[in-house]
There are 2 protein chains.
Amino acid sequence: MAAKGTRPRTRIQQKNTSAILDAALDVFSANGFRGATVDQIAKAAGLSKPNLLYYFPSKEAMHQTLLAGLLDTWLAPLRALDPEGDPVEEILSYAGRKLEMSREMPRESRLFANEVLQGAPNLEGVLKAHLKPLVDEKAAVIAGWSADGRLAPLHPYHLIFSIWALTQHYADFDVQVRTVLPEIEAGDPFPEASRHIETMFRKMLEPGG
Amino acid sequence: MAAKGTRPRTRIQQKNTSAILDAALDVFSANGFRGATVDQIAKAAGLSKPNLLYYFPSKEAMHQTLLAGLLDTWLAPLRALDPEGDPVEEILSYAGRKLEMSREMPRESRLFANEVLQGAPNLEGVLKAHLKPLVDEKAAVIAGWSADGRLAPLHPYHLIFSIWALTQHYADFDVQVRTVLPEIEAGDPFPEASRHIETMFRKMLEPGG
DNA sequence: CGTCTTCCTGACCATTTGGTCAAACAACAA
DNA sequence: TTGTTGTTTGACCAAATGGTCAGGAAGACG
């Protein structure tokens, strides 16, 4: 019997579970949970459907495994925000890392977006337990910077939302962005997006004014 | 036979089609196209499933009717951006109207978000035909303002993306926003969001600096 | 009233889909 | 080789789901 619920042991388990999860990420992020079928995932993974269900007890289990595994990665940039660093540069580089993730991991971004859009049925608990405390902590840091006059006085929570919104937009609304952008830039919107976001935030974060 | 494909004629048709579309908006926006079932929509509309399919030939027809009907409303704020107005105030009030729409029409926002997230299979044509030209036009206006020194030099397309991202975030990621925000504000995030967005944009739009 | 059209529904159907299972097959140790 | 454990699949199933249809109910109209 496969080691369900625990980490894979054998080579084959290692290889297959990761193939399945990669395929599942493809399919879930492109179609949402209900829009994805086990057959699609199986085909994308190059395995048979019963074989997937040998490694994961259900479609939902694949989904939850993905979400759970991704959260750490997803929050890493915010975790890295250093209270000892320079305020403006810290926030700027947070936004930069986040944008980079939108570029490098668009599937993950869309997976989360799909989930949150539909009310986060499988995520709300985790959000309360992990996301909220982390944001509280970093919002306090930001509020401190503002209070010390090292940062423009901005609402810390909404500032964080702004960063999320702006950066994830390029992954989640990719089709729209590319449709609207003039041909040249639509090939890769990220360089310009990066410059734009940096310009914007620099202006609004600088304490003087 | 019902007047399929054209506007409703009789009272009953009027009443039922709008009840169906309203219910469909509820269900599609909350579950995505594939996640929504005709039964759910029927129940929400207070009609029987065959009755829905008397007014609309298919589930997909309901979806497309919604999308088509919504695009105008959705783009209205951008259309209203007045080339003759004061640059900063025009953009600010565009963002304000857009945020208001996120508050008043979150279902519509989520419907579009769902659609675009999944590659806009039923929308890409319309985006090319209507959204792109409009954005091109308004981006040119903004570029003109910047060139005249009446607005900070910002990338006009990415500026528009910023407004979309920031405002729609509050509708599309509602659950996340409310989970993260301190209790008091989570009751209604919009007043603070509005202030935050205005502060931000004012700083970055003003030409001096 | 009678007739014609619109509106509505219970019963039904075909397909899709998540999931099961017995049995075949591979890996490997003794 | 033989037994044991881990891996794979074809065939199958029950439920869900989009959609159909024949016929009944309700208006509209002369």
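Order of the sequence lines fixes the chain letters, A, B, ..., with proteins taken first and strands second; residue numbering starts at 1 for each chain.
- At whole-Å resolution of the value, CG in B:Asn16 and C1' in C:dT9 are 14 Å apart.
- Contacts between residues 37-46 of chain A and DNA chain C, counted as heavy-atom distances below 4.0 Å, involve A:Thr37, A:Val38.
- Per the geometry, OH belonging to B:Tyr55 stands 13 Å off C1' belonging to C:dT9, to the nearest Å.
- No contact: A:Arg11 has no heavy atom under 4.0 Å from any strand.
- Take the nearest nucleotide of DNA chain D for A:Pro50 and for B:Gly35: the residue whose nucleotide is more 5' is A:Pro50.
- Note: CD1 (A:Ile20) to C1' (D:dT7) measures 12 Å, nearest angstrom.
- Under the 30°/60° scheme for interplanar angles, the aromatic rings of B:Phe161 and B:Trp164 are found to be tilted.
- The aromatic rings of B:Phe190 and B:Tyr170 sit tilted relative to each other, their planes meeting at an angle between 30° and 60°.
- Of the inter-residue distances, the one linking A:Asn114 atom CG with A:His63 atom NE2 reads 7.5 Å to the nearest 0.5 angstrom.
- Note on A:Ala36: only backbone sugar-phosphate atoms sit closer than 4.0 angstrom, heavy atoms only; bases stay farther off.
- Look at CD on A:Gln13: it is 13 Å from C1' on D:dT8, rounded to the nearest Å.
- Where A:Arg34 and B:Leu47 meet DNA chain C, the nucleotide closest to each residue was compared, and B:Leu47 sits on the side nearer the 5' end.
- At the phosphate of C:dC7, OP1 or OP2 sits under 4.0 Å from a side-chain N or O atom of B:Thr10.
- We find that NZ of A:Lys49 is positioned 7 Å from C1' of C:dG19, with the value rounded to whole Å.
- Side-chain atoms of B:Lys59 and base atoms of D:dG19 include no donor and acceptor less than 3.5 Å apart.
- B:Leu111 has its side chain within reach of B:Leu70: a pair of non-hydrogen atoms, C-beta onward, lies under 4.5 Å apart.
- Atom NE2 of A:His130 and atom CG of A:Leu75 lie 9.0 Å apart (nearest 0.5 Å).
- Residues A:Ala95 and A:Ile163 approach most closely at CA-CG2, 3.8 Å, considering heavy atoms.
- Between the C1' atom of D:dC13 and the CG atom of A:Leu53 lies a distance of 14 Å, rounded to the nearest Å.
- Each of B:Arg110, B:Met105, B:Arg107 was scored for a side chain to side chain contact (heavy atoms under 4.5 Å, CB included) with B:Leu25, with one residue passing: B:Arg107.
- Atom OH of B:Tyr54 is separated from atom P of C:dC7 by 4 Å (rounded to the nearest Å).
- Following rounding to the nearest Å, B:Ile12 (CD1) and D:dA25 (C1') show an atom-to-atom distance of 11 Å.
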